[in-house]
Amino acid sequence: MAASEQLLAVRGLRVAYVAGAEPRTLVDGVELDLDRGETIAIVGESGSGKTLTARAMIRLLPTGVGVTDGEVRLDGNDVLSLRGREAARLRGNRISMIFQDPFTMLNPVMRCSKHIEEVLRNRSGPKLGRTAAKDEARRRLAEVGIHDPAAADRYPFQLSGGMRQRVALAAALAGDPELLIADEPSTALDVTTQAEILELLKSVQHARGMGLIMITHDLRVAFSVADRVYVFYAGSLVEVGDADAIEREPLHPYSLGLLLSEPATEFRQQALLGVEGSVPAPDEVAGQCTFASRCRWMEADCVAARPSLVEVEPDRFSACLRIAEIRGEMDVVRHEVRSVAEPPEPVEHAVLPFVSISNLRKVFPDARTPAIADISLSIAEGEAVGIVGESGSGKTTLGRCLVGLETPTGGSITVGGVDASDYAKLSGEDRGKLRRSVQIVFQDPYSTLDPTQTVGAALREVLRVNGYPRDRADARVDELLARVGLPLGYVRRRPAALSGGERQRVAIARTLAVEPKLIVCDEPVSALDVSVQAQILNLFRALREEFGLAYLFITHDLAVVRQVVDRVYVLHRGLVVEEGPVDRVLDRPEHPYTERLIASIPRSAA
Amino acid sequence: AKSSKAGAVGGTLTWALQTNPASLFDAYYFSAEGSTFFSLVQDHILAPGTFGQPTTGEGSVVQSWKATSATRYVYTIKKGIKFSDGSTLTAADVAFSMNVHRDPKTGSKMGDFFGNVASIRNRGNQVIVVLKKPNSNWQFTPAASPGLVYSQKDYKAKGANFGTPSGMPIGTGPYKFSEFTPNSRVVLVRNPYYKGKKYPWDRIVFPVIPDEQARLLALQSGQIDGTFAVPNNNIGTWIKIPNLKVGTYVSGGWRGFSIDVEDGPFKDVHVRRALAYSLNKPDINEALASSRGVVLDGLPPLLFIKGLLPAAEVNAALKKVNKYPYSLDDAKAELAKSAYPKGFTTTLNTPNGCPACLLLSQVLAQGASKIGITINLNPMPGPQRFQVILDHKPNLGIQVLGQAPDSPHPMQYLDLLYTSAHAQPGYENSANYKNATVDKLIAQGLQSSNLKVAARNALKVMQITSAQVPYIPVFMFPGAWAVKSGWEFKSSIGPFYYNQIWLKDLVAK
Amino acid sequence: MSAIATASPRRSILRRSGFHRMPSFFLVTSWLIVGLVIFMALFWRWIMPHDPNEQDLLNTSASPSSEHWLGTDQLGRDIFSRIIAGAPSAITGPFIVALTGVVLASSLGILSGYMGGSVDMLIQRFVDFMFALPGLLIAIVIVGVAGGGYWMAVLVLSLLNFAGSVRIIRGASLEQRALPYVEAARTLGVPRHRIMYFHIWRNISPIVFASAALDFALALVALSSLSYLGLGTSPGVPEWGRMLAENQALLFTNPAGVMAPGLAIVLFATAVTVIGDWIYDRFSFSGRTGR
Amino acid sequence: MGDIVEHQVPEPLPEAAPVPDVVGGRRQYLSRYVRRRLLILVPLAFVVTVAAFGMTHAAPGGPIAALLEDHPTSPDVIAAIKAKYKLDDPVSVQYWTWISGVAQGDFGRSIMTNDSVLSEITRRLDVTIPLNLAGIAIAVLLGIPLGVLAALYRGRLLDRLLVTVSVLFMSTPAFALALFALYFLGFKAGWFPLYGPGSWVFGRVHHLALPALVLGLHGMGLEMRLTRAAMLEQFEQDYIAFARARGLGSVHVTVRYALRNALIPVVTAAGLLLTGLLTGSVLVETVFSLPGLGTLLVNSVIDGDFPMIQGLLLFIAVWIILINIAVDIVYAFIDPRVGFGKATS
Ligand SMILES: Nc1ncnc2c1ncn2[C@@H]1O[C@H](COP(=O)(O)OP(=O)(O)OP(=O)(O)O)[C@@H](O)[C@H]1O
Ligand SMILES: Nc1ncnc2c1ncn2[C@@H]1O[C@H](COP(=O)(O)OP(=O)(O)OP(=O)(O)O)[C@@H](O)[C@H]1O
Ligand SMILES: [Mg+2]
Ligand SMILES: [Mg+2]
């Protein structure tokens, strides 16, 4: 296999939703090149068209979505003109793809090894016998690190996410493709598993000398895996370049914004820099620079015509018209923002902490292991406490116990002197008191609001049930919206008309309506785009400053936790394995598990 | 199943039934339709003639009979008659066949036929029936449905299953049961021990086809050879259909209404007369029966009288019968004379499962509505409706009736419907009509051994009651048969055909 | 840069998209049918050409003519007028069944799905039990044995036919219950009844209405089946099911008179179901599958 | 093929708590489940029979009038019949007599036919069971492929046509469909016999073909809609896309992936369908003059033959519950997740 030979070339790819009354452009003018044995990364925020681009290459666009222009060539052969059967032959054997969610990628009623066998038996060439296929499947599983023969005979639901992703990888590789597209293969996994899978992908790619397209929204992941990075924004390419070059100096304001929004892992930032606003639909920004509306360097030229990718430096392309002029300014901004903040002052612990949890235990019915084995913690008034740990370690359960959404099996919870161990047993008055002092913000912004209710109605309802005077409710709603940075006109909007970040703001406003002392934040930003994530994290910081709120901040992202909290607890299988000031724990972990967590943060290959 | 061969002489005759035979024992399945196959398997004690007169010919097991007094009847049994299992018929079997209905343990539906019987015994080859009091209607009973002759031994052997698929009774008739599948079919084959005339078919299948359309289509397509189950509300339609032959016969049955003369507005005779005027009987006869029925001005149908009295006498008597020819003006005028000149509202219970009753009720309601009487139809399951009549409550009011004769006695409908003693729970005088003169005339008619007396009295009752209108008889509905085209029934078929070996009248080509 | 579009994908797009732009013939027809029936139900008195009860005993089972567009029935009544006059009862009974279904099924279904635990157990067992009782069959038995006609049938169907909807609504409520907006409402102190019967109800209402539409159609069919067995409306009442049963006798003399009430039932029931499906597709906030 | 280059593979961390193997847990779960469902039978039988008893006894009319069938009668006759069937006993005594009989397998005797209720019922099973099984087979064999087809052609003319046709069949009263078939396929075309159940195997098949087709078409609608909905849901699933991405053929993906998973809700519906068909067969049996349970029920209802009604209701209720249990067992076989916290209902 010649390493420098070109494998894939995409030219002027345009993808549109054509089933509706008016076609909607979803991907516009994408150019991609990939050599054999090369790894490229496609980076962009949610909805930027990464998946559709990949799916167009493998001829798997969803119904109603089609390629309207452009070409895709694999080894010089036109992929888009292949007919159904030929396209199917292309898939698996020449190009293969794995998806984001290992929990939904495998057929739930099919044993794991079967996923591999069927591909093996489906290949052209001499047909494999049943037993031969079985043996081969075992070998393929071993290739992805599954040596336990019993695992092959399990159903997907009997395996962990990481294991499933491995099985999926083995299945995707069963046809020995020359090109593998991995669509966010690690996003749904635990930090630790995430690192494993990325590692595995890298090694498989290397061993097979296969082309790899890595799709991710996480620049750190892209830098750690890829040789070259393609940055997408609103359906089009804004920057292309070598991974280390972009990491060193991004050459597009959007890439810069993306890089800067990424919270630092190593230190606490003075301020997090988000990109104002949210991602537009490609058609809204047709005929102009896609990023113009959110760009601080925008000028009239930027909206006059769509700038094309220009080679700024050898092997570095940018779609910014003004890149030559603003390069210096961008450099300044980059260094300015990355300034280190003072470590947080330890919060004064009163004699009695605001929340104290002791020996908490929660065993779900029919569960084999306790979700929370034994956890004790305390939160002072106005203190931000972080909870980190991998998936299933009991973080969410802990938060839910605190707000009364779950009833603990054992132990006690005291909030502001009220015993909150079992909300059902409380008097109405006490329960009301608790409700008004502890609140929760959920992870998923898309279902955190009742889709049938307008923003105003949702907020007014909360005010009403908590006895807020009716006549002042409207004014209070406006006040709340303003506080979370939403325009007043939003009162009449329904959630469907809001972006993810905006919804999360409404959710925060809703909790603020009861003026709580503590907000449990269960991964409040992990479903958001990085550029928006920073805005929300800033909001959390500001609110804390303003209202003296205490947080129980649950996250699996160590970079995020460092930016928001004072103290952190590390959870592992329902137990606290380490606790302390956030900087201390992250910089000098004492427990091996914490060490492993920190070690699995993606870092650039360099 | 081998319908293609159906009808070929020597082959199979396929004759559709409408209702599922509940049992092959007539104590539990008392219906004309059942009798159509019972009569081919079991002989009757006496064989009914076309109009029900008892004879000792084919189909009868009796050599001779006579009434030795007004209350004592002696029947001498024919010799050498054999059941289909080869055993010989005895007088004991004949006595048993009647006594089984009298035995309360049987719970026979035909118990009422024997209400006046004091004893039934056999002596030698004779059977002696003693009545409690004279009743000229008895003479017809051995030729009617309860006259079927069973084997006592057979009954004992089959025990509780007698009449069920696992206990098909044997008889002395030309055929014997070979299969009984409830809701599906009854199959007869020749009785090897039958000595009488041979009928052309080796096998007779009676499939049960409840759905009228299915039956009609099956007949049209030749999958069945014929049926007596021509719905009597729809004869007109059947007649018009090609590929089959439909004939009608005199049924002796009547349809009409009873009006409770003790109930609310109906106490007022003018109301009852108004209702009678509002019904267009000839048009009903046309709509429901293509005018093949006979419009009635009173009960009983003259069929049961005409043969007994000279025509002149009958006609003279009929002149004194009040008739209510259709006239809305007369109806309104009558109502104006009543206490309810503006009309009123009442309910009429209609038995589900009797399409003719439903149609008739709708016609009555429509006519009544034109003179200001609102009649709401209240559909009820048939048995539930019958229970209202038996209980005389809760709302007797107007009832729609339809009855078929069990015997040709001129008094049989009158006794059932007009006798004061029957105007109470358990009986069927649903008009609650009570009139001492009428009672006397009926009793006399029944007790006299001379049927002419009964006929004359019946005419008198007709005259008296026609002024009172406790019942509004509408018409004597026609009976009908349908066979595939080319086939025919001889004209001799009459109201009691089902108790005869009706095959003798069927002409197949 | 080169932008040579290849031909085949475009063709496939056109093929794929063609239909979506076409207005749905079936949906439009369905709305028309339902609209027509409602119109007939409201204005039947004024639009029917004849008195539906006026008999003409000398002109029975007549074929269609300019006087009687669908001919006459066994008592010489105008079938066309009777079809029009039958519209109210085609709506009333099924509507009551569907409405009771909506009320009972959503109260029980949401309660069961939201409360969980022993309440759920109890309701589930109850529903299991109801499932063992096929509504129409029981209606046949009850109306057949106890009488009561149409309204009894409506009552029985109302009380027995909602078990399926309870299951569907329970499933939907279970899904909603786990959603953060419901949990947020709980922690924010929104009363339980309001969560269940305001928030959850509003979110699952497309499912409720879609299943109510299906219930409506099935009730229409069930009631007409009862009429066929003689267990429905009173004789003479112009109700489509009963007309279909009664007019069967016209099969050879006036086939149009048999087809008309049958078609009325089938088309109306179909139209309602199609609209129910549409409501489900159109207003469902999350894309779940129906039944 | 298959030349895997040796390379350093990062090993997965040990699983926290591996889920145990399928066999033991599932079997135990299923038997516990079946036992629980069977337990419903007792209260169900009680409620059904008490309700049936109460209703038949409270209703006016009843068997006496039905027995007499409008024939002339007298209080003596009525008394004799009442005595024979012990109708004068208090209802509770009658119930007790009946239910203790049932407990010993004696369902009493029909008032109308004087035959044993149990033998009347069992005699009709060889019509109703083949009819229902054939009906469901037709519904499933037509409904599932058509549902798949509609889903494959989603939104296009064929899809809308199929959906509308399925709704049409669902919306046509079973008896109307039966009459229609009887007239056109039985009478006009002459392909099928017009009445009766036929005898022997061939005859029965020939006679039951048309009624089964009617039942099947009536039930097909539901099955088709469900299959379509389930397939559409499947087509959105990641594992379908992933299967395609691995180059598996569209037939393979449609059948082994989409359909296989869609079967899970579809089988549940088939159970429901059996209940529905039982009702449908009442009407279809009536039109086609078939001696099945349906006609038996209708006749007993019309005749007020309450030992029979009670026996039938009990039988039907038990039958439906058993079907549901059977469906759930099948369900467990096609969904390997059953028994691991994924509840069936
Ligand atoms: N089947 C579809 N029909 C219509 N629009 C679609 C469809 N699939 C995706 N889109 C739209 O296309 C745009 C790009 O989607 P795509 O899935 O490629 O984004 P992405 O970059 O992969 O985002 P994510 O990070 O969320 O996976 C989005 O705005 C999305 O709403
Ligand atoms: N409602 C529930 N019923 C049964 N088990 C549950 C339930 N909720 C959580 N669990 C189990 O409890 C354990 C802890 O779950 P929890 O959601 O608290 O983890 P987490 O740390 O929040 O994980 P993640 O990062 O994936 O959100 C897991 O094994 C989970 O499967
Ligand atoms: Mg994506
Ligand atoms: Mg969690």
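From a predicted model like this one, the values you see are computed outputs, not experimental measurements. Every chain is numbered from 1 and lettered A, B, ... according to where its sequence line falls, protein lines coming before strand lines.
- The existence of a salt bridge linking D/Arg256 and A/Glu118 is excluded, since no basic side-chain nitrogen approaches an acidic carboxylate oxygen closer than 4.0 Å.
- Looking at A/Ala168, both its backbone and its side chain come within 4.5 Å of chain D, counting heavy atoms on both sides.
- In this structure, CG on D/Asp238 lies 9.0 Å from CG on A/Asp183, to the nearest 0.5 angstrom.
- The minimum heavy-atom distance between D/Ala245 and A/Ser96, with the atom names listed, is O-OG, 3.7 Å.
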Audit row: A/Leu106, D/Tyr239, side chain to side chain contact (heavy atoms under 4.5 Å, CB included) steps and yes/no: CA-CA 5 Å; A/Leu106 298 175; D/Tyr239 50 82; 5.6 Å; no
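- One distance of note links CG of A/Asn107 with CG of D/Leu248; it measures 10.5 Å at 0.5 Å rounding.
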Show me the donor-acceptor pairs within less than 3.5 Å that the side chains of residues 128-138 of chain D make with the rest of the protein, sequence neighbours left out.
{"unit_1": "D/Thr128", "atom_1": "OG1", "unit_2": "D/Glu285", "atom_2": "OE2", "d": "3.0"}
{"unit_1": "D/Thr128", "atom_1": "OG1", "unit_2": "D/Leu293", "atom_2": "N", "d": "2.7"}
{"unit_1": "D/Asn132", "atom_1": "ND2", "unit_2": "D/Thr128", "atom_2": "O", "d": "2.8"}

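- For D/His252, the NE2 atom counts as densely surrounded, since its 6.0 Å shell holds more than 12 non-hydrogen atoms of other residues, nucleotides or ligands.
- In this structure a side-chain-to-backbone donor-acceptor pair under 3.5 Å is present from D/Arg246 to A/His115.
- Between chain D and the options A/Ala88, A/Pro108, A/Ala171, A/Gly392, the largest number of non-hydrogen pairs under 4.5 Å is found for A/Pro108.
- With sequence neighbours left out, the salt bridge (charged side-chain N to carboxylate O under 4.0 Å, His left out) criterion links D/Asp159 to D/Arg228.
- Summarising the geometry, atom CE belonging to A/Met105 is positioned 13.0 Å from atom CD belonging to D/Gln237; distances are rounded to the nearest 0.5 Å.
- Heavy-atom distances place the backbone of A/Ile95, and not its side chain, under 4.5 Å from chain D.
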Pair D/Ile264, A/Val109 - check side chain to side chain contact (heavy atoms under 4.5 Å, CB included), show working. CA-CA 10 Å; D/Ile264 294 167; A/Val109 298; 4.0 Å; yes
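- Heavy atoms of other residues, nucleotides or ligands lying less than 6.0 angstrom from CZ of A/Phe103 number more than 12.
- The contact between A/Arg55 and chain D is made entirely by side chain atoms (from C-beta outward), counting heavy-atom distances below 4.5 Å.
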